[in-house]
Amino acid sequence: MRVLASAPAKIILFGEHSVVYGKPAIAAAIDLRTYVWAGFNDRGAIKIEAKDIRVPGLTVSFSEDEIYFESDYGKAAEVLSYVRQAIELVREEADANGKGVTVSITSQIPVGAGLGSSAAVAVATIGAVSKLFGLELTNEEIGKLGHKVELLVQGASSGIDPTVSAIGGFIHYEKGDFEHLPFMELPIVVGYTGSSGSTKELVAMVRRTYEEMPEVIEPVLVAMGKIVEKARDVITSDLDEELRFTRLGRLMNLNHGLLDALGVSTKKLSELVYAARVAGAIGAKITGAGGGGCMYALAPENQSEVATAITIAGGTPMITRISREGLRIE
Ligand code: PMV
């Protein structure tokens with residue numbers, strides 16, 4: 001018996017980093033997915049095959065006592081630690097420690113791009129392996145287990161990534177609780193810098209700055225939380241679409257400035273953000289942890305011009321759509 005599950009990538013629209021400090025954030029699932037096949041093996045081991053994880057040229061295969069990496073050891077190891085932890089957690093839930101599980105992963109989501117690839121792979125793995133063991137978990141419960149995986153692997157995590165990947169759509173997230181926001185089509189362009197940041201290291205860096213000067217950083221985090229609440233008001237309002245986009249764009253630009261102030265932007269991220277704005281985007285900001293990874297732009301009238309400007313500035317544009325669907329057993 002084999003089970004196939006898939007889970008989507010996400011973008012954080014507003015509130016990354018401040019969400020780690022209990023402030024609210026807004027995120028949405030997007031239509032890039034990770035697919036995980038799960039089956040039993042009779043070796044009693046965890047075996048993970050990931051042949052097309054988008055770290056250049058990577059082929060990975062490892063089991064409990066053997067580890068083979070053909071390239072990019074660091075990033076591969078990071079992805080695989082989420083998968084391995086997810087399998088171990090489900091085996092515990094199913095009271096089946098020591099039972100051999102093999103998973104095969106294929107993914108459309110670039111790794112380390114701030115698009116939630118680790119959360120998506122954790123959620124899809126939990127979905128597939130729990131089904132394999134006959135556990136009946138809701139998507140919300142799987143999102144919570146995904147959060148546990150993140151805490152075990154990276155130490156600190158708000159849980160927003162696995163939550164939105166498991167349940168899909170648009171969410172407002174605060175301290176582990178989420179609320180679906182009304183679905184709206186967002187004409188966005190995601191721009192990938194081509195390099196990756198480590199969420200773990202960036203969260204730790206912001207924490208060090210916070211501890212060094214809480215009286216400076218706390219007001220920045222509070223302002224980020226207020227931006228999120230304003231964005232929620234705009235999204236749930238009955239303003240016409242043009243006005244909604246204009247207001248969201250301004251809030252994106254404000255949020256980007258504050259993320260830059262926290263030190264999580266890079267030269268390349270800023271270049272893509274400004275290139276998008278100059279090409280006519282009404283808002284552009286980092287999405288995710290920063291330090292590389294991705295930005296996104298809101299471009300209702302000129303998605304293709306903005307995509308071209310991102311290419312010229314040295315990034316890889318992706319015109320994507322919001323995905324209503326979260327974890328799916330295929
Ligand atoms: O996984 P990323 O790179 O999209 O970043 C997650 C967002 C952070 O707020 C930086 C961390 C968290 O746990 O919420």
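In listed order, ligands and their atoms are each counted from 1.
- Remark: ligand 1 and Ile12 share no N or O pair separated by less than 3.5 Å (distance only, no angle test).
- From the protein, the heavy atom lying nearest to atom 1 (O) of ligand 1 is Asp161 OD2, 2.7 Å.
- Taking CD from Glu49 and CG from Leu80, the interatomic distance works out to 11.5 Å, rounded to the nearest 0.5 Å.
- Between the side chain of Asp260 and the backbone N or O of Val264, no donor-acceptor pair lies under 3.5 Å.
- Counting only distance, with no hydrogens or angles, the side chain of His17 and the backbone of Ala289 share a donor-acceptor pair below 3.5 Å.
- Set against the non-hydrogen atoms of Gly114, the atoms of ligand 1 under 4.0 Å away are 3 (O), 4 (O).
- Among all non-hydrogen protein atoms, the one lying nearest atom 9 (O) of ligand 1 is His17 N, 2.8 Å.
- Residue-environment remark: CD (Glu242) stays at or below the threshold of 12 foreign heavy atoms within 6.0 Å.
- In terms of N/O distances under 3.5 Å, ligand 1 is approached by Lys10.
- Any N or O atom pair closer than 3.5 Å counts here, and Glu16 shares no such pair with ligand 1.
- Not one N or O of Val19 is nearer than 3.5 Å to an N or O of ligand 1, by distance alone.
- Protein heavy atom in closest approach to atom 5 (O) of ligand 1: Ala289 N, 3.3 Å.
- Scanning the protein for heavy atoms near atom 12 (C) of ligand 1, the closest one is Ser158 OG, 3.4 Å.
- The residue Thr287 has no part lying near ligand 1, judged by heavy-atom distances below 4.0 Å.
- Within a 6.0 Å radius of NZ in Lys148, no more than 12 heavy atoms belonging to other residues, nucleotides or ligands are found.
- More than 12 heavy atoms of other shown residues, nucleotides or ligands fall within 6.0 angstrom of atom CZ in Arg277.
- Separating the CD1 atom in Ile282 from the CZ atom in Arg250 is a distance of 11.0 Å, to the nearest 0.5 Å.
- In this structure, His256 and Tyr274 have perpendicular ring planes: the angle between them is above 60°, well past the 30° mark.
- Considering backbone and side-chain N/O of Thr199, one or more are found under 3.5 Å from N/O of ligand 1.
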